[in-house]
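Single-structure report; data block below.
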Amino acid sequence: MALPESAYYVGIDWGSAEHAVCVLTEAGRVRTEFTITHTAAGFADLARRLARLGDAEAVPVAIERPDGRLVDLLLEAGHPVVPVKSNAIKAWRDAEVLSGAKSDPGDAMVIAEYLRLRHHKLSAARPFSPQTKALRTVVRTRDDVVRLRVMATNMLDAFWPGAKTLFADVESPIALDFLTRYPTPASAAALGEKRMAAFCAKHSYCGRRSPADLVKRLRSAPVGVTGEAETEAGRDAVIALVTVLRTLGTVKKDLDRSVNAHLGQHPDGHIFASLPRAGQVNAAQVLAEWGDSRTAYDGPDAIAAFAGVAPVTKASGRMRGVSYRWACNKRLRQAVTTFADNSRHESPWAADIYQRARNRGLDHPHAVRVLARAWIRVIHRCWLDHEPYQPDRHGGLQRLTTPQPLAQAV
């Protein structure tokens with residue numbers, strides 16, 4: 001819903017230590033300008049100054065950030081908060097400030113002016129419930145931990161690439177134990193089949209590869225650093241990365257348990273957990289980014305655009321093109337496309353949509369986005385009705401799986 005007319009419009013230029021604030025009147029005149037620090041005292045000062053302008057519901061605030069403690073404080077106070085895109089403000093500033101001058105107070109004024117002139121086309125952010133905030137916190141932290149594990153794993157290639165190819169998962173306990181025992185190529189140079197067999201027996205290796213096969217894979221892999229000084233430094237680096245991976249593995253397991261607990265406590269948790277092949281973690285990822293405000297979206301198409309699975313159409317004269325959507329919630333896109341890709345292995349309806357998309361010549365990622373968009377329509381209906389997904393009530397699935405009666409000649 002568009003914002004109504006207001007007597008004041010507030011623009012905040014976000015900074016790491018300080019935030020510039022500008023308040024414009026309805027006529028576009030500067031009511032006040034000031035700077036607050038990114039501290040509890042600074043936030044309290046902002047709340048007091050904005051309270052003098054009138055009821056919080058009648059004082060909209062625009063800021064180049066969709067979340068954070070400052071945004072939460074403004075939402076809790078009752079202000080309509082409008083997250084604005086940085087590229088939109090940059091284009092607006094380039095058009096309004098002909099001199100090209102740039103400063104934090106000037107940016108705050110540009111943001112306030114953007115809000116004043118375009119408020120009828122802008123929508124305020126919807127506050128999240130405490131359950132959604134808690135779920136989003138643990139889910140995003142878990143995703144960041146997984147990303148750090150991938151980075152640490154990739155860094156091993158520079159020092160000991162052979163160890164990564166030895167076992168199926170370099171983050172597994174046996175792989176980390178191998179890297180601890182043999183942190184450099186030189187330390188594993190004399191490793192033969194007997195010693196490899198003893199190592200596997202000690203760590204209860206249950207893989208399908210024989211010790212001879214493991215040694216062969218180790219010898220055929222790139223060697224990595226070989227100089228004496230580099231080898232010593234590489235040993236220290238590998239041991240440090242192993243310690244990081246062990247710690248991150250433990251942290252991830254703790255966060256997995258926290259994600260499962262918060263998903264079970266969320267009022268909408270049962271809806272997303274009921275989706276085929278969603279699992280606990282993926283269901284929590286989708287719900288954390290989807291949110292729980294039923295008034296936040298105009299319909300499933302708005303959610304599809306927000307998730308980045310709806311294409312962008314550009315038409316001018318005789319030219320018409322459809323392109324990939326870059327501006328979106330990338331965490332939601334990753335979560336919903338992961339679910340869609342997994343769902344086709346259990347749901348015949350999802351498999352049919354995916355296969356028909358592939359038959360039209362679409363590649364795998366594009367076909368998964370098509371399927372994700374179809375799933376969003378289904379999830380949106382379940383979400384609005386506060387009902388879990390039930391295959392026997394899914395019309396598309398029933399039409400696909402229920403045999404059609406034979407037509408009788410009359």
Side-chain angles (χ1 to χ4, degrees), residues 132 135-136 138-147 149-150 153 168-169 171-172 249 252-253 255-264 266 268-291 300 303-311 324-325 328-360 362-383 387-401:
T132 300
L135 182 64
R136 174 174 288 194
V138 294
V139 165
R140 288 189 171 184
T141 303
R142 179 197 175 276
D143 292 345
D144 292 340
V145 167
V146 172
R147 194 174 297 110
R149 291 180 69 189
V150 173
T153 300
D169 183 9
E171 300 174 13
S172 62
K252 177 182 173 296
K253 291 180 181 179
L255 288 172
D256 285 343
R257 289 190 288 267
S258 181
V259 167
N260 295 340
H262 284 91
L263 179 65
H266 198 286
D268 293 334
H270 67 288
I271 299 174
F272 292 84
S274 66
L275 301 172
R277 284 288 185 97
Q280 295 291 303
V281 172
N282 191 211
Q285 290 171 332
V286 178
L287 174 55
E289 302 303 328
W290 186 298
I303 302 176
F306 181 60
V309 296
Y324 182 76
R325 184 179 294 270
C328 66
N329 184 326
K330 295 177 177 56
R331 289 180 183 266
L332 179 57
R333 177 165 60 196
Q334 179 64 39
V336 75
T337 52
T338 298
F339 156 68
D341 191 22
N342 292 334
S343 70
R344 64 189 178 90
H345 299 290
E346 180 174 329
S347 171
W349 171 79
D352 178 66
I353 291 179
Y354 172 83
Q355 191 57 51
R356 284 192 282 116
R358 292 304 304 270
N359 294 340
R360 295 197 301 270
L362 304 184
D363 59 9
H364 172 72
H366 195 171
V368 169
R369 291 196 298 273
V370 170
L371 175 57
R373 188 176 183 181
W375 266 119
I376 284 176
R377 299 189 186 98
V378 177
I379 300 172
H380 182 258
R381 173 45 53 192
C382 297
W383 184 59
E387 294 288 342
Y389 173 74
Q390 302 177 46
D392 58 339
R393 297 179 59 183
H394 186 178
L397 176 61
Q398 295 305 311
R399 286 190 296 271
L400 183 67
T401 58

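None of these values were measured; they are calculated from a predicted model. Heavy atoms only: backbone and side chains are in, while hydrogens, waters and symmetry mates are out. We count residues from 1, following the sequence as given.
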Go through W349 and Q398 one step at a time and tell me if the side chain to side chain contact (heavy atoms under 4.5 Å, CB included) criterion holds.
CA-CA 9 Å; W349 171 79; Q398 295 305 311; over 6 Å; no
Does any non-hydrogen side-chain atom of I379 lie less than 4.5 Å from one of F272?
yes
A284 to L263 - nearest heavy-atom pair and separation
CA-CD1, 4.0 Å
Distance in Å, K252 NZ paired with R257 CZ, rounded so as to fall on 0.5 Å steps
10.5 Å
Show the numbers, then the answer: is there a side chain to side chain contact (heavy atoms under 4.5 Å, CB included) between V378 and R381?
CA-CA 5 Å; V378 177; R381 173 45 53 192; over 6 Å; no
When rounded to the nearest 0.5 Å, the distance separating CG of L287 from NE2 of H270 is 10.5 Å
Quick check: closest heavy atoms across P348 and L400, and the distance to 0.1 Å?
O-CD2, 3.3 Å
Given 3.5 Å as the limit, does a donor-acceptor pair link the side chain of D268 with the main chain of I271, or not?
no
Is it the case that the side chain of N342 and the backbone of T338 share a donor-acceptor pair, with hydrogens and angles ignored and the cut-off at 3.5 Å?
yes
Would you check, one step at a time, whether the test side chain to side chain contact (heavy atoms under 4.5 Å, CB included) holds for R277 with N282?
CA-CA 9 Å; R277 284 288 185 97; N282 191 211; over 6 Å; no
Parallel, tilted or perpendicular: which one describes the rings of H394 and W375, with boundaries at 30° and 60°?
tilted
Is there a donor-acceptor pair closer than 3.5 Å between any side-chain N or O of R136 and the backbone N or O of A288?
yes
If I take atom CG from residue L362 and atom CG from residue L371, how far apart are they, to the nearest 0.5 angstrom?
12.0 Å
Between R331 and D144, is there a side-chain N and carboxylate O pair less than 4.0 Å apart?
yes
Heavy-atom nearest pair, L275 first then F339, reads CB-CE1, 3.5 Å
Point-to-point distance, once rounded to the nearest 0.5 Å, from CG of N329 to CD of Q334
11.5 Å
For the pair Q355 and D352, evaluate side-chain hydrogen bond (donor to acceptor under 3.5 Å, both in side chains) and give the outcome as yes or no after the intermediate values.
CA-CA 5 Å; Q355 191 57 51; D352 178 66; over 6 Å; no
Grab the two heavy atoms, one from P311 and one from R325, that are nearest each other, plus how far apart they are.
O-NH2, 3.2 Å
Let's go through R369 and R373 carefully: what are the C-alpha distance in whole Å and the side-chain angles of both, what is the deciding distance for side chain to side chain contact (heavy atoms under 4.5 Å, CB included) to 0.1 Å, and is it a yes or a no?
CA-CA 6 Å; R369 291 196 298 273; R373 188 176 183 181; over 6 Å; no
For the atom pair CD (Q280) and CG (D256), what is the distance rounded to the nearest 0.5 Å?
10.5 Å
Mind checking the OG-CD1 spacing from S343 to I353? Nearest 0.5 Å is all I need.
8.5 Å
How far apart are the closest heavy atoms of L332 and F306, and which atoms are they?
CD2-CD2, 3.6 Å
Does the pair R140 and E289 meet the rule for a salt bridge (Lys or Arg N to Asp or Glu O under 4.0 Å), with working shown?
CA-CA 9 Å; R140 288 189 171 184; E289 302 303 328; 2.9 Å; yes
Between I376 and A304 the two heavy atoms that sit nearest each other are CD1-CA, 3.8 Å
